[in-house]
Every structure is written in structure tokens, then in C-alpha cells.
Engineer: 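I'd like to ask some things about the structure below.
In what follows, every chain begins at residue 1, and chains take the letters A, B, ... in the order their sequences are listed.
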There are 2 protein chains.
Amino acid sequence: MVTKESNTDVLIIGAGPAGHMAGTWFARMGINARIIDKRSEKLFIGQADGLQSRTVEVFQSFGFGDRAIKEANHMLELCFWEPNEKGNIVRSSRIPDSCIGISRFQQYVVHQKRVEMWMRDSMEKWSKGQVKIDRPVQALELDIDESEKSEYPVTVEVEHLSDDQGTVNQYGSKVANGLFRSFEGDGNERKGGEKEIIHAKYVIGCDGAHSWVRKAIDLNMEGESTDYVWGVMDGTPITDFPDIRNRCAIHSADSGSIMIIPREHGMVRLYIQLAQTPRDPGTKTEDEKNAANGNGERKGSIDRSKITPEVIMESAQKIFAPYEFDMIDVKWYTAYQIGQRVATDFSKNDRVFIAGDACHTHSPKAGQGMNVSMMDTFNLAWKIGHVLQGVADPSLLKTYTQERRKVAQDLINFDHKLSRMFSSKPGDGVDLSEFQKYFQKGNEFASGTTVDYCPSLIVKKPSGEYKSPLATNIPVGARLDTAIVQTQSDTKPVHLADVMPSDGRWRLVFFPGDIVKKNLYEKLTDISSKLISKNAFIKKYTPASCRLDSIIDLVMVHASDRKDLDWLEVPEAFRPCDHKKRMDYWKVYSDSPSYHVPSGKIYEKFGIEPSVGAIVVLRPDGYVSAVEELSTNGLKEIESLFANFMLTPKQSWASNGGFLDTAKDEEEWYGVSSFGHPVFAK
Amino acid sequence: MVTKESNTDVLIIGAGPAGHMAGTWFARMGINARIIDKRSEKLFIGQADGLQSRTVEVFQSFGFGDRAIKEANHMLELCFWEPNEKGNIVRSSRIPDSCIGISRFQQYVVHQKRVEMWMRDSMEKWSKGQVKIDRPVQALELDIDESEKSEYPVTVEVEHLSDDQGTVNQYGSKVANGLFRSFEGDGNERKGGEKEIIHAKYVIGCDGAHSWVRKAIDLNMEGESTDYVWGVMDGTPITDFPDIRNRCAIHSADSGSIMIIPREHGMVRLYIQLAQTPRDPGTKTEDEKNAANGNGERKGSIDRSKITPEVIMESAQKIFAPYEFDMIDVKWYTAYQIGQRVATDFSKNDRVFIAGDACHTHSPKAGQGMNVSMMDTFNLAWKIGHVLQGVADPSLLKTYTQERRKVAQDLINFDHKLSRMFSSKPGDGVDLSEFQKYFQKGNEFASGTTVDYCPSLIVKKPSGEYKSPLATNIPVGARLDTAIVQTQSDTKPVHLADVMPSDGRWRLVFFPGDIVKKNLYEKLTDISSKLISKNAFIKKYTPASCRLDSIIDLVMVHASDRKDLDWLEVPEAFRPCDHKKRMDYWKVYSDSPSYHVPSGKIYEKFGIEPSVGAIVVLRPDGYVSAVEELSTNGLKEIESLFANFMLTPKQSWASNGGFLDTAKDEEEWYGVSSFGHPVFAK
């Protein structure tokens with residue numbers, strides 16, 4: 001008995017970090033999207049806590065990076081402890097926990113629920129409440145109309161559960177834990193709740209390690225797990241261990257290993273190798289076993305019901321000896337077996353996608369899960385948005401699996417090696433100095449900043465090269481790093497990344513060099529006139545009712561002293577006026593020191609020669625699409641790149657193509673003011 | 001017919017910036033306070049827009065400095081324009097608008113209503129909604145029981161107005177303006193609304209230039225005004241004037257002067273000298289004239305009803321010539337005559353106080369009004385709070401007038417000279433190079449960071465000196481500047497000021513020097529044991545039920561490399577445990593570089609010799625009370641200083657004297673997490 005039918009452009013199934021990130025993008029781009037989750041919110045306890053540098057860069061690009069910086073604990077030092085000749089643990093070395101110079105942000109630790117809240121606030125703000133989460137709602141059936149005749153080719157039948165049905169049952173202790181989260185919503189039986197048929201153009205499954213969507217589209221996970229069992233516990237430490245406020249990797253002589261993760265509000269998370277683990281030979285039902293955890297291990301191997309905070313604490317105290325260790329105000333605990341698995345494909349027909357834990361699971365110790373999951377949908381959602389807006393051809397969607405499956409595979413390989421080294425006994429299969437080296441190297445990978453997408457429709461790698469000779473430190477396919485530049489019009493020092501927020505636009509970033517020199521100034525003036533000429537390709541891709549920077553934005557960073565360039569000398573394309581003649585004063589920057597802040601030396605950082613210059617093509621997600629010559633030839637190359645996938649607009653999709661109306665400013669404050677000046681809003 | 005009586009510890013009359021700041025302090029300290037304002041909120045348009053460095057330092061100390069940085073326009077450059085030989089205006093020079101190195105913050109411009117909103121959010125957060133604003137409520141009568149026999153010696157009769165009665169009427173144009181704000185709430189007649197008798201221990205009048213409170217306690221304003229008339233207008237500029245996004249001081253040859261203030265959201269404020277001003281020989285009633293404005297000019301001298309945006313724009317266009325200038329989306333305008341006045345006293349019986357425009361008025365061009373007003377109550381409210389808590393003797397309250405009247409007088413003198421120089425015609429009474437020099441010098445004063453309170457109960461200046469030889473760059477009586485230090489326990493780089501938030505506590509800031517050296521380490525260990533000994537003066541002033549840092553907090557910044565000091569070597573007073581044995585890891589800092597941020601070199605900045613050290617005594621408002629020797633003798637001096645005004649507590653006034661309960665963390669997030677670790681909360 002179906003009582004309701006509805007349409008949505010995008011249906012997101014699962015409201016964890018990956019689902020939230022997808023919703024954040026869609027809200028920002030003005031895309032019609034809906035999120036459902038089978039759990040009642042009140043009882044779902046989030047377990048992830050690590051935020052990597054690249055993730056915070058992305059948060060910043062949406063305007064809420066400051067919330068991470070303000071609310072999270074900053075995890076800055078990593079200490080290695082190992083047994084001395086007496087068998088007591090001693091500090092063997094300490095290193096920065098985040099690689100120096102790799103990002104303007106480091107590594108942060110905060111409760112997953114806060115992270116989701118920042119994204120929910122952003123969704124609410126930008127979509128004015130349109131993109132929201134319905135829960136508890138369970139998906140029952142999914143069908144794809146492969147004929148593609150329907151405007152909404154994906155049909156999902158769902159059932160609205162009662163709060164009780166959406167509630168997670170937990171084992172044992174009164175303390176919240178992640179040991180057993182079976183609940184009615186996990187079954188596929190009909191519950192008698194209200195049914196709804198949702199017709200969607202696209203579906204994204206962000207529904208975790210035991211993904212219902214993955215099963216519905218017949219994708220499998222490949223991988224393996226080990227015998228090592230680890231416990232996890234959050235609480236306030238009472239100890240004389242001196243490095244308790246730093247991340248520590250402790251190998252004891254005979255009692256196993258510990259990882260310390262210092263958290264917000266004086267809390268600490270411990271990952272503790274369990275010496276004695278109650279084993280379960282397999283007495284549970286398949287359903288129970290499947291539902292047991294989200295950490296990537298195989299089913300039915302440890303008896304989770306017997307793991308208590310006391311069991312975990314006993315192992316911890318042995319490892320910490322001779323230091324005293326106790327934990328009060330325990331907030332949450334769980335246990336997991338190490339395993340690494342990845343899905344064979346990330347999409348079906350480019351209509352249904354999976355993301356996050358639904359396509360890759362691994363150990364939690366490198367703090368990657370929540371981050372890689374969010375980066376999956378950060379990669380996917382703008383592409384779906386572009387196709388829905390009519391800006392891009394659907395072939396763009398193929399780049400999702402191309403780009404993200406490699407990242408998942410790299411992660412699995414990294415985690416496989418690291419977690420086995422961490423679990424091994426010193427001298428017994430692991431050389432601790434090799435472990436430290438691998439860990440240090442792994443931190444670069446773990447930061448998320450080194451992800452480098454393969455050549456595709458939208459990534460034009462220099463032939464046989466990773467970087468163009470025009471910008472020797474800008475890896476094509478990777479995210480563009482940032483540095484402080486000075487605003488030409490008002491001298492404000494800003495991070496270049498902050499003037500290029502995640503708002504769904506492509507960007508041409510011009511580095512015209514030392515433009516007070518005549519030859520370079522003439523080059524730029526020539527380019528400027530081409531950019532705004534009648535036949536300019538930017539005009540071709542921009543609806544006539546919109547401001548010219550609505551699809552492809554222009555930004556310029558010159559290498560001359562700001563004071564040597566008068567505002568009226570700035571070529572016209574870079575100081576456009578809107579239909580009310582209001583000028584845009586925030587497209588031109590200088591690589592020179594401002595009054596209170598030293599120069600970010602961005603030309604040097606990016607390896608761009610000020611006497612030559614370059615043009616960088618940036619995707620809406622901040623990854624480098626191409627680096628081209630500063631010339632009209634370079635412009636032609638860019639035109640060809642866009643011709644690969646961009647469509648001439650059939651209609652005006654942007655209802656608001658200009659400056660924000662100042663009358664609305666109070667409402668629009670959140671995103672607008674993040675960077676101190678108006679930004680494009682749909 | 002009185003229908004209601006109520007008690008409040010503090011009644012604040014007037015909900016402008018000064019009233020909000022008082023409320024912010026009281027909320028943060030857990031003091032029972034109430035704010036009333038005679039205007040309906042919806043129609044009161046705030047006119048101030050400038051935030052000076054010191055003001056943002058104070059906002060940061062309450063945990064919302066980031067909102068100013070994020071939302072406001074950063075005003076960084078000041079350009080001087082003057083006529084060339086042809087009579088056209090040309091840029092003669094440009095300088096940083098905020099003095100370099102004087103503060104970590106610069107100068108910001110944002111709508112007054114946003115500033116009030118940040119404070120209201122903070123009040124709401126810390127007082128859980130207890131400190132709030134009632135409006136429209138008009139004060140009618142004020143009586144002080146001079147016998148001081150009553151627990152609530154001040155009685156204020158008020159009337160609750162209807163929204164209509166609290167609504168401001170405006171002249172002329174449909175555009176919001178500040179020309180005439182007479183409304184029913186300005187009269188003293190009975191309106192028939194509900195009456196209330198409020199019994200208060202203290203009353204603060206923050207009710208503007210025409211302060212009702214000031215009149216009720218018979219204080220007068222002294223000063224003068226000039227004939228120069230200036231118009232003010234906010235809107236979006238349409239112009240080819242190249243410096244429109246910078247602060248500009250323009251002197252034209254014959255058409256008068258302009259000040260440009262670039263604002264948030266692409267807006268600009270102009271201060272425009274009006275060439276033709278409609279004069280009013282005095283046809284209005286006294287009431288109308290008195291009510292006419294809040295900018296410090298005298299009554300009845302210009303005919304405000306004839307000033308329109310068109311009149312102001314006409315003057316502007318003449319001054320801007322040969323540049324074109326127009327303004328669209330005009331949001332607000334007003335006109336004022338320059339005048340400077342200051343009240344003869346700031347208090348009556350130390351029971352009723354006045355603050356802000358109620359005690360000083362001046363021209364708005366230096367962006368001082370809102371700032372000095374907030375700094376008045378920032379100085380006053382914690383003192384009242386301390387007296388109410390039983391922490392301090394009421395004689396402490398005398399320091400309010402002592403300290404703030406001098407600041408007001410300095411401001412009046414500064415503004416008097418500057419505004420006359422600005423209004424004069426080039427060559428005709430003003431030398432423009434002298435004007436530029438005075439302006440530049442004035443920026444230091446205007447930043448608010450150089451305020452230097454006189455010797456008093458709570459400011460112990462070195463005899464005949466401004467600074468102690470122990471800390472040659474720490475002016476006693478001024479606010480303690482800040483620099484980045486490294487957290488000993490977790491390497492986090494933090495501004496020293498950020499670990500000493502405005503929470504109502506006094507602080508002893510220990511600079512023990514290079515403590516890995518034996519003599520200094522022993523000195524500090526000795527001091528540590530004295531600080532926590534049975535007879536320690538800190539214990540004397542702290543209720544037994546409270547954590548020992550509840551009244552006087554300890555902070556230590558050593559000059560050794562962080563890695564050379566093991567956590568367990570930190571003297572005990574600086575790593576205290578609470579009743580649950582939870583250790584405080586956030587009292588010890590190192591003046592050494594952290595992994596990602598260079599050293600702030602705080603010893604060098606403060607002029608403290610690492611082989612000698614010093615102890616700095618800080619007031620709850622961050623001003624330096626004394627600098628003492630790093631020795632038990634120095635501790636004795638500090639003990640004597642506190643003996644001047646501090647009281648042994650009669651009862652436990654702090655209901656929560658420990659770590660924040662982690663169960664409450666989600667609720668308490670705002671203030672707590674500003675600095676990444678728990679802070680003291682009452």
C-alpha cells in the first residue's frame with residue numbers, strides 16, 4: 001500500500017559525513033536534493049573524530065573552516081614510545097604530526113556530530129532549509145529505468161519508520177558503544193509504516209560499510225582482514241604519562257600497542273590492542289553478524305558482547321606500565337578487527353553512486369575514514385550539479401569512479417601496511433624505526449593534500465609530466481595550494497583559496513607576472529579584450545541573463561608591487577561592472593607584502609616565473625584542470641578543454657546572477673562575509 | 001498606579017554598544033543584571049560602524065573576535081588627497097590606516113547592529129538567557145537611598161511602552177536617517193502603560209548623548225561646538241575614483257572635505273563637508289532640539305529637515321571632481337555639527353554611573369564613539385561584578401571615573417584638533433602636511449591600545465616610571481599586549497591573550513625565564529610551593545569550595561625550549577589537579593617556535609630578560625596592575641597589592657568551581673572552545 005509519491009533531483013541515502021558533504025554541495029549550488037537515513041537521530045553516536053588538512057581546506061572553501069579551527073583539538077605532535085632494555089616504555093622520538101608546509105591547516109580532532117552540524121548549518125543557510133534530512137526512513141527497493149526515457153530514471157521505495165524502529169540497540173554496558181548496532185531498521189521486513197515512492201534523477205548511497213545501496217546495485221567489496229583485535233575508548237585520562245596531550249604510538253614489550261588521540265575538552269581517545277579477546281566461533285545469525293560493525297572487519301570473529309570498558313582498560317594499563325593510567329567519564333567504546341576492503345565499482349549506469357564506507361573500509365587509526373568519505377562526495381556532487389544545471393555533459397560523471405577508486409585503493413594499501421606494523425610485537429616482524437619512517441611518510445598521504453587525479457575529460461596533464469614547466473610546483477590533477485596575496489583595491493591580505501570558494505564555478509586564475517612591464521601588460525590587455533569580446537567562449541557557456549562570471553570566474557594575481565598599478569590601469573575583464581554599474585573590486589591581487597602581513601610569495605611557491613606568467617584552470621572543487629601559457633594561444637587551449645564537456649546553456653538556470661542585493665545582506669551573511677566581500681550566489 | 005516591583009543587582013539603562021558591553025561582562029561573570037531601552041528594536045537604526053584594534057582584542061577575550069574579523073570590512077590603507085596646482089584632487093600619499101605592530105588586530109568597519117548582536121549572543125550563551133533586554137521601557141524616576149541601609153539602594157520607576165510609543169519618527173526622505181529621532185519615548189509624560197518599580201544595587205546609564213540618567217543624577221556636559229556642518233551617507237558607490245575601497249581624507253580646493261570609509265558588502269560611508277547648509281534661527285521647541293541628534297553638536301543650529309541625500313550628494317560631487325561619483329542603494333544619511341563635550345563626573349555615590357555618549361560626545365570621523373563607549377563599561381562592569389560577588393571592596397568602584405574620565409578628556413582634545421584641521425580649507429588655516437602627520441599620530445591613539453590608566457588601588461606604577469626595568473616594554477596601567485607562545489603540553493601555538501580570556505579572574509603571569517637553568521628552576525619551584533602552601537594569599541581569597549584558580553589564575557611562560565622541559569618537571573602549582581584528579585594541561589607555555597608557526601619572541605617583545613624573569617599582575621580586563629620581581633619578595637608585593645581591595649570571601653559565590661563537566665560540553669561549547677580547551681566558568 002503506497003500512500004505517497006515524490007520527485008527529487010538527487011536522493012542521498014545515509015546521513016553520515018559523506019551524505020552531509022553531498023548535501024552541502026547541493027545546497028550551495030541550488031540543486032534540489034533530499035537526504036534520508038534509517039536511524040533516529042537521537043541515538044546515533046558518531047565515532048569518527050579526525051579531520052585532516054585537506055578536509056579543513058574544503059570546509060574553509062564552504063565558509064566554515066573556522067569552526068573546525070575553533071572547536072576541535074589541534075593534534076600537532078606525534079610521539080613514538082617503545083620498550084627500553086628493562087622492558088619499560090620510553091619516548092624514542094617525536095615529530096610534527098602534520099607535515100610542515102603541506103597545507104595552511106594541520107590535523108584536528110573533534111566529535112563527528114559537530115562536523116555534521118557544521119555541514120547541516122551550511123545546508124540550511126544556502127538552501128534556505130530546502131536540502132534537509134528525513135529520518136528514520138528506510139529504503140526498501142531501488143530500480144533504474146535503463147531506457148533513460150523517464151526524466152527521473154531511478155525509483156526508490158522507502159518506508160517512514162517510527163522513532164522506536166529507528167533506534168539502535170546496544171550491547172552490555174550502559175556506556176555508549178559501537179559494539180552492536182543491530183536494530184529494526186537493519187531488517188528488510190515491512191514494518192507497516194508509511195510508504196513513499198521517490199523518483200530521482202540521481203541516487204547517492206552514503207549508507208556505510210553494510211551499504212544497502214551497494215547491495216541494491218550488485219556491487220561487491222574485495223579485501224581481507226586480520227586476527228588483530230583493537231579496542232577504542234573515549235574519556236578523560238587520569239595519568240602521569242607525560243605525553244597524554246599528544247598523539248602517541250606506543251609499542252610495549254609484550255602487552256601490545258596503543259595509539260593516543262588527544263581530543264577536545266580534555267578528552268582522549270585510546271586505540272588499544274587487546275591481549276585477550278573473547279572469540280566467537282560463529283553462533284550468531286548472519287544478520288546479526290552483518291550488522292555488527294562499521295569498521296571493515298569480517299563477520300562473526302570476535303564475541304563483541306563480552307568486551308567491556310574494563311576489559312579494554314586492563315589491556316591499556318599493562319601497556320602504559322610503569323606509568324599509571326585510568327580513565328573517567330568514559331563516553332564511548334568499541335572494538336574492531338583490522339580489515340581493508342574496497343568496492344569493485346563506485347557507480348551503476350552513472351545514475352546510482354556509492355560513496356564513503358559504502359565503497360571502502362579500513363582501520364580507523366590513521367584518521368582517514370570520515371575524511372576520505374567526505375572527499376568522495378565532494379568530488380561527486382558538483383559534477384551531478386553541473387549535469388543537472390545543464391552546464392556539463394553527463395559523461396563528466398564517469399570521472400567520479402576514475403578519480404576516487406584509485407584514492408580508495410591507495411588508502412587500503414597504506415592502511416594495510418601501517419596497521420600490520422602497528423599490531424606486530426617489537427622485534428617480532430616489525431622494525432620500530434621502519435615503522436616510524438613509514439608512519440611519518442604516511443602522514444603526507446593522510447593529510448589528503450597529495451591526492452592527484454588521473455588524466456581525464458577535466459584533467460589535462462602535461463604530456464609525460466606531472467607538472468607544467470610554466471608552474472613547476474603546481475601538480476596538475478591535485479588541489480591548488482594557497483598562499484597569502486594582497487588585494488589590489490584595498491590592501492587586504494587574503495589567502496588566494498579564500499577568494500575562490502566552493503560555489504560551483506570554474507576558475508581561470510591568471511598569473512600575468514610583473515605586469516607593470518610593458519610586454520606583460522600588453523599581453524594581459526590583449527587577453528582581457530579576448531575574454532570579453534563578443535565571441536568569447538566564456539560568453540558561450542554563460543546564460544545571457546547571468547553575470548559573466550557565473551559559470552567561469554576570473555581571478556588575477558600579478559607579481560608587481562601593488563602600489564605600482566593604478567586601479568584604472570587594471571584591464572577591464574578583471575574589474576567588471578554589473579547591470580547597476582557596481583564595480584567588482586575583488587578579482588585582482590598582488591604578490592607583494594601588505595602592511596601588516598608579509599608576502600606569501602605565491603609565484604615562488606607555485607614555481608611561476610614573473611617574467612613569463614601562466615594561466616591555471618581550476619575545477620569547482622579546487623583541483624587543477626590544466627596549466628596553460630599566458631597568451632591567446634593558451635586561451636585557445638582552455639577553450640578546447642571546456643569544449644570537452646561543457647554545454648551551451650539552454651535556459652537561464654541561475655535566477656540571481658549578480659551582486660547580492662544589499663537589502664538581503666543580513667540574511668546572506670554567512671557565506672558572503674566569510675571572505676569579507678560579496679561572492680557569487682545562485 | 002504601580003503594578004509591579006522587582007529587584008535586580010544591576011540595572012542598565014540603554015541598549016546601545018555601552019549597555020551591551022556591560023551586559024556581556026555581567027553574563028560572563030554570572031551577575032544578575034537587566035537592560036532596558038526606551039526604543040522599540042525594530043526601528044532603531046544604528047549609525048556607528050568603526051571597530052578599533054583594542055575593541056576587537058576585547059571581543060576576542062570574550063570569544064567572538066573572530067566574528068568581527070569575518071564579518072567586517074578590513075580598513076587597512078589611508079590615502080590623502082589634496083588639490084594640485086590645477087585645483088584637481090590628486091593622491092598626495094598613502095599610509096597604513098592602523099599603526100604597524102601596535103596590535104594583532106587592525107581597524108574594521110561593520111554595522112553597529114551586528115556588533116550588538118555578537119554581544120547579545122554572548123550574553124545569551126553565558127547567562128542562559130538571564131541577562132536580557134526589555135524594550136520599549138522608559139525610565140521615569142530615579143532615587144538613591146543615600147543612607148545605604150537598603151540592600152537595593154537605587155530605585156527606578158519605569159513604564160512599559162507600546163511598540164508604537166517606542167517607535168522613532170523620522171524627517172523627510174524615505175531613506176532611513178539620523179536627522180530627527182524625536183518620539184514619544186523622549187517625553188517624560190505618563191503614557192498609561194504598565195509601571196514597574198525596579199530596585200537595584202547599581203544603575204548604569206548607557207542612554208546616549210541626551211542621557212536621561214545623567215540628568216537624573218544632575219551631572220553636566222562641558223564643551224563647545226563649531227560652525228562646520230558635515231553630512232554622512234551610506235550606500236554603494238558608482239565611481240571611477242580609484243581609491244574608493246580605502247579610507248581617504250580628501251581636501252578639495254574650494255568645495256570642502258570628504259572622508260571615505262569603505263564598508264562591508266561593497267558599501268561605502270562618506271563624511272562630506274556641506275558647502276550650503278540650511279540654517280535654522282531657532283524655531284523649534286527645546287525638546288525637539290534636544291532630541292535632534294547624538295553627535296555632540298549644540299541645539300537648534302542647522303535646519304535638519306532640509307537636508308536630503310540630494311543636498312549631500314551635490315556637495316560630494318563637487319569635492320570628487322574631476323572624478324565621477326554617484327551613490328545607489330543609499331541606506332542611511334544624517335548631518336551633524338562638530339562639537340566636543342565631556343561630563344563633569346561619571347558617577348553619583350558610586351551607585352549610579354554613566355558611560356558612553358552619556359559622558360562624552362565628539363565628532364564621528366575618527367571612529368571612536370562606539371569603541372570608547374564599550375571600553376567605558378568594559379572598565380566598569382567587572383568592578384561592579386567583583387563588589388557584588390564579595391571579591392572586592394566597594395572602593396574599587398572609584399577607579400572607574402578616575403580611569404575613564406581621563407580617556408574621555410584625551411579623546412575630546414584629539415578630536416577637537418583633528419576635526420578642525422579636517423574642516424579647514426587648504427592653505428587657509430591648515431597645513432596639509434601637518435594634518436597628515438597629526439592624523440597618522442592620531443591613529444595610534446585611535447587604536448585604543450595606548451590607553452594608560454593612572455596609579456590607583458589597582459594600578460601600581462613603578463615610582464616615577466611608566467615601565468618596570470623587569471619588563472621594559474610592558475607599560476603598567478596599559479593593556480598587556482600579546483604574542484604567540486607554544487603550549488607546553490601539546491605544542492599548540494596560541495596567543496597568550498587567548499589563554500587569558502575575560503572571565504572575571506585576576507591573573508599572575510609568571511615569566512620565569514630560561515627555567516632549565518638550575519637557579520631559575522629552583523626559584524620557580526620555591527614560588528610554586530609558596531603559591532600552594534597552606535597560608536598562600538590565593539587560598540585566602542578563594543572560597544574553599546572552588547578550584548584554586550577561581551579568583552586568581554596562574555599562567556606561566558618560560559623561555560626554554562619546550563622539548564627541554566619534561567611535563568612532570570613542571571612545578572606543581574602550574575599543573576594542578578581538580579577534585580576528580582583531572583590535570584590542567586593548559587597553564588604552561590614556552591617562548592619557543594612550534595612546528596608550524598615561528599616563535600612570537602614574547603620575552604623580547606615584553607622586554608623581559610630570560611636570565612632574570614618577572615611576574616606580571618593582570619586585572620580581569622587585561623590591564624597591567626603591576627610588574628614584580630620573580631622571587632618570594634615579589635610574591636609579597638603582590639600580596640600587598642591584593643590586600644588593598646580584595647576581600648576574604650564570606651561564602652561560596654561560585655557554584656561551579658571546577659572543570660566544565662564534559663556532559664555539558666555541547667551546551668557550553670561557545671566560550672569553552674574558543675581557545676580549544678576548557679576555561680573557568682562560574
Side-chain angles (χ1 to χ4, degrees), chain A residues 66 70-77 94 96-98 100-101 106 113-114 236-240 242-246 262 264-267 326 328-329 331 487 489-493 563 566-568 577 580-583 585 594-596 659-663 665-666 669 672-674 676-678, chain B residues 66 70-77 94 96-98 100-101 106 113-114 236-240 242-246 262 264-267 326 328-329 331 487 489-493 563 566-568 577 580-583 585 594-596 659-663 665-666 669 672-674 676-678:
Chain A
D66 56 327
K70 194 166 173 173
E71 295 183 15
N73 186 54
H74 297 207
M75 192 162 69
L76 297 168
E77 187 171 66
R94 44 186 172 192
D97 188 50
S98 300
I100 290 170
Q106 283 85 48
K113 283 284 132 186
R114 294 301 293 185
T236 305
I238 308 292
T239 184
D240 57 359
D243 286 349
I244 194 68
R245 293 306 309 168
N246 293 307
E264 70 277 19
H265 295 193
M267 264 202 311
D326 199 3
I328 62 172
D329 298 332
K331 294 288 172 206
T487 311
S489 61
D490 63 13
T491 88
K492 185 180 177 184
K563 292 187 182 115
D566 201 75
W567 180 251
L568 299 178
C577 289
K580 284 181 162 182
K581 297 191 183 166
R582 292 177 293 192
M583 196 174 276
Y585 293 95
S594 54
Y595 288 117
H596 302 274
F659 258 86
L660 287 171
D661 188 328
T662 42
D665 283 349
E666 289 266 327
W669 210 283
V672 178
S673 58
S674 309
H677 64 81
Chain B
D66 56 328
K70 194 166 174 174
E71 294 183 14
N73 187 54
H74 297 206
M75 191 162 69
L76 297 167
E77 187 171 67
R94 43 186 173 192
D97 188 52
S98 300
I100 289 170
Q106 283 85 48
K113 282 284 132 183
R114 294 301 294 184
T236 306
I238 307 293
T239 184
D240 57 358
D243 286 347
I244 193 69
R245 293 305 309 167
N246 294 307
E264 71 277 20
H265 295 194
M267 265 201 310
D326 199 3
I328 63 172
D329 298 333
K331 294 287 172 205
T487 311
S489 61
D490 63 13
T491 87
K492 185 180 178 185
K563 293 188 181 112
D566 201 74
W567 180 252
L568 299 178
C577 290
K580 284 181 162 183
K581 295 193 182 164
R582 292 177 295 193
M583 197 174 276
Y585 293 95
S594 54
Y595 289 117
H596 302 274
F659 259 86
L660 288 170
D661 188 327
T662 42
D665 283 350
E666 290 265 326
W669 210 282
V672 178
S673 57
S674 310
H677 63 80

Engineer: Any chance you could measure Ile238(B), atom CD1, to Lys581(A), atom NZ, to the nearest 0.5 Å?
Structural biologist: 8.0 Å
Engineer: Got a donor-acceptor contact below 3.5 angstrom from the Asp490(A) side chain to the Met75(B) backbone?
Structural biologist: no
Engineer: What heavy-atom pair brings Asn246(A) and Ser489(B) nearest, and what distance separates the two atoms?
Structural biologist: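 The pair with the smallest heavy-atom distance is ND2-O, 3.2 Å.
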Engineer: Passes side-chain contact (heavy atoms from CB on, under 4.5 Å), Trp567(A) versus Ile244(B)? Steps please.
Structural biologist: CA-CA 10 Å; Trp567(A) 180 251; Ile244(B) 193 69; over 6 Å; no
Engineer: Using non-hydrogen atoms only, which part of Ile100(A) is less than 4.5 Å away from chain B: side chain, backbone, both, or neither?
Structural biologist: both
Engineer: Lys563(A): what forms a side-chain contact (heavy atoms from CB on, under 4.5 Å) with it, not counting sequence neighbours?
Structural biologist: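 Checked Lys563(A) against side-chain contact (heavy atoms from CB on, under 4.5 Å); matches are Asp561(A), Tyr595(A), Glu77(B), Arg94(B).
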Engineer: Going by an N to O cut-off under 4.0 Å, is there a salt bridge joining Lys580(B) and Asp329(A)?
Structural biologist: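 Yes.
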Engineer: Which heavy-atom pair separates Leu76(A) from Pro493(B) by the least distance, and what is that distance?
Structural biologist: CD1-CD, 3.6 Å
Engineer: Nearest heavy-atom pair of Asp240(B) and Leu568(A): which atoms, and what distance?
Structural biologist: O-CD1, 3.5 Å
Engineer: Apply side-chain hydrogen bond (donor to acceptor under 3.5 Å, both in side chains) to Asp97(B) and list each qualifying residue two or more places apart in sequence or on a separate chain.
Structural biologist: Arg247(B)
Engineer: Measure the spacing between OG1 of Thr239(B) and CE of Met583(A) and express it to the nearest 0.5 Å.
Structural biologist: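 Between Thr239(B) OG1 and Met583(A) CE, I get 8.5 Å after rounding to 0.5 Å.
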Engineer: So which residue, Pro237(A), Pro96(A), Pro242(A), ends up with the most heavy-atom pairs under 4.5 Å with chain B?
Structural biologist: Pro96(A)
Engineer: Side chain, backbone, both or neither: which part of Pro262(A) has an atom under 4.5 Å from a heavy atom of chain B?
Structural biologist: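 Neither part; nothing is under 4.5 Å.
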Engineer: Under a 4.5 Å heavy-atom cut-off, does chain B meet the side chain of Ser98(A), its backbone, both or neither?
Structural biologist: both
Engineer: Find the distance between OG (Ser594(B)) and CD (Gln106(A)) and round it off to the nearest 0.5 Å.
Structural biologist: 8.5 Å
